Amino acid sequence: MAARRRTAEALRAAGTPPWNVDFTRDGTALEALRRLTAYEQADRAGEPPVVRVAGRILGLRSSGGLAFADLHDESGRLQLMADRGGAPAPFEWLTGLDLGDIVGAAGPLVRTRRGEPTLRVGEGVLLAKALRPPAEKFHGLRDREARYRRRHLDLLSTPGRRRPFVQRAAIIGALRAELDRRGFLEVETPILQPIPGGGRARPFATRHHAFDQDLFLRIALELHLKRLLVAGFGRVYELGRVFRNEGLSPRHAPEFTMLEAYQAHVGREGMVELTEALVGKAVAAADAVPGTAETERTVDLRPPFRRARMVDLVRDAVGIDVLAGWDAPEELAAAARSLGVGLPPDPTPALVLVACYEERVERTLEAPTFVLDHPVETSPLARRLPDDPRFTERFELVAGGRELVNAFAELNDPVDQRERFLEQARRREAGDLEAHPMDEDFLEALEHGMPPAGGMGLGVDRLVMLVTGAAAIRDVVLFPTLRQGEAGAGPDPAERAGGSPTL
RNA sequence: GCCGCCAUGGCGCAGUGGUAGCGCAGGGGCCUUUUAAGCCCAGGGUCGCAGGUUCGAAUCCUGCUGGCGGCACCA
């Protein structure tokens, strides 16, 4: 690095500023290749195309009087070449570059002896000197911590690793396009909330100084979107970050992206249809990203998806028939315990069912499956089944052993809603930190009348993981949350220690 | 929060109690069609941090920090 600083200073002294230089290109590397191909297909009529490209130098090879460099831009790679005899100034320029430098280059396109499309440099301009080298050029950054903490270095050193993030953007764009096409209104609701509701999770707490009041970061989008149904919007959705103060894992991050959509006058079936459509569009959008053919997708995400009731899944997988044993909760609990299923204290039949499902069934559901009819006790915002009030008109879409979507016919009975909040509040007082808090403001909205509606929430990061074949949520989040400790406080231990870098 | 594994030059890795090595990158040199170019030369590391055991510690022990994996909880 010291040598690079000297190089930069020498350039400045020689009247060639190493930064803040402009260069107008006439296309990307990919477009340059297309122009060369077109020229060749036209039987090389006339002069070869002259192009101006700009990008980062990630490979340098020189052999005496010939020098090559690999220029990478957002579209791909183009080789640069200069020879001492033919073009002394460009040759000196090219051999004086360092890996990582960002340059502009102009000249005719040719092919080398090996057939590599190559820009023969006529004019070369240094646009930004790299004082630090990229990571190792063959293996790139392998250390996971370094890759997450210094994502810019990871991505610049290994351009192919940008692809999942391009796919992510394509997926989010497709979700938005499909919802827009269906007439949903995209809205933005508060992230800072006095009462974090709409889900079961511990929130992050923060402090508003001017209000002298505690606020929480939202854990879900649900309650505000339902207020908008009350307000008269028939179809609304929000795509946004939510925050949950819970453990991390390859599939859990403290902040993640959620899509929630609400549609008046449709029930659960409408949400099934919408879910299948959105997943289908997401898959198509991701597959349309260039270079995606070799994506490793372990789960077939083509709709339609299987449907199964939770009670049936549990009965078939675990051998416990919760419906049959509903009136004998002690026996149900004993049966579950004898199979090694962990249960909360005083388990009701519903809690036995959910425990068996979550512990024994969910992770086994690889192929996308709509899991239907969750019990009321764990579904405080969902409408009851008309023919069985113990269960709700809810589903979760599970794929790859993980919940991807949670949806239901929304409860619009303010009396029932109040009772369920009270029940949740009792659990909260009993120490359940994730029980839903009482929310009078939301109840007041419901009391004005909310149309019957279906609602769904989709974990965008998980969808992106499934669609791109990523093993960890951190592989589809650009800058994942990491602990900030002494040892990992900054990117460069040498500089943090105050010593001079030894590069 | 608990359990296990990991941490060695800028990056990728080797080194299991006896003077820290290799490749890439960086520096110097050779080479006019290279593709992780090749060849020669010379550099660069308080082995994550702090203690301990030992004549002697990268190596064994303890604690701490960070990461990864699992459990618990959730999407």
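Per chain, numbering begins at 1; letters A, B, ... match sequence-line order. Here the structure is a predicted model, which means the values were calculated and not measured.
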Item to check | Non-neighbouring partners of A:Leu33 that pass side chain to side chain contact (heavy atoms under 4.5 Å, CB included), sequence neighbours left out | outcome: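 A:Leu78, A:Pro117.
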Checklist entry - Just by distance, with hydrogens left out, do A:Tyr39 and A:Arg35 show a side-chain donor and acceptor under 3.5 Å apart? => result no
Phosphate OP1/OP2 of [N]: any [X] side-chain N/O under 4.0 Å:
| X | N | value |
| --- | --- | --- |
| A:Arg202 | B:C73 | no |
| A:Arg114 | B:U35 | yes |
| A:Arg149 | B:G67 | yes |

Item to check | Nearest-nucleotide comparison on RNA chain B, the residue closer to the 5′ end among A:Glu358 and A:Tyr148 | outcome: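 With A:Glu358 and A:Tyr148 compared, the 5'-side residue is A:Tyr148.
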Checklist entry - With nearest nucleotides of RNA chain B determined for A:Thr118 and A:Leu60 from heavy-atom distances, which residue corresponds to the more 5′ nucleotide? => result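 Mapping each residue to its closest nucleotide by heavy atoms, the 5'-most match is A:Thr118.
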Checklist entry - Rounded to whole angstrom units, what separation is found between the CG atom of A:Asp70 and the P atom of B:U33? => result 17 Å
Does [N] pair with anything, Watson-Crick or G-U wobble, both distances under 3.5 Å, and if so, with which nucleotide?
| N | result |
| --- | --- |
| B:G4 | B:C68 |
| B:C24 | B:G10 |
| B:U46 | none |

Checklist entry - Any donor-acceptor pair under 3.5 Å between the side chain of A:Glu116 and the base of B:U34? => result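 Answer is no: no donor-acceptor pair is held.
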Item to check | salt bridge (charged side-chain N to carboxylate O under 4.0 Å, His left out) partner of A:Asp154, the single match among A:Arg161, A:Arg144, A:Arg149 | outcome: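 Considering A:Arg161, A:Arg144, A:Arg149, a salt bridge (charged side-chain N to carboxylate O under 4.0 Å, His left out) with A:Asp154 is found only for A:Arg161.
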Checklist entry - Are the aromatic rings of A:His436 and A:Phe421 close, with centres under 6.0 Å apart? => result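 Between A:His436 and A:Phe421, the centre distance is under 6.0 Å.
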Next on the checklist: Using a heavy-atom cut-off of 4.0 Å across all strands, would you classify A:Ser62 as base, sugar-phosphate, or nothing?
Outcome noted: base
Item to check | Separation between the C1' atoms of B:A58 and B:U8, rounded to whole Å | outcome: 7 Å
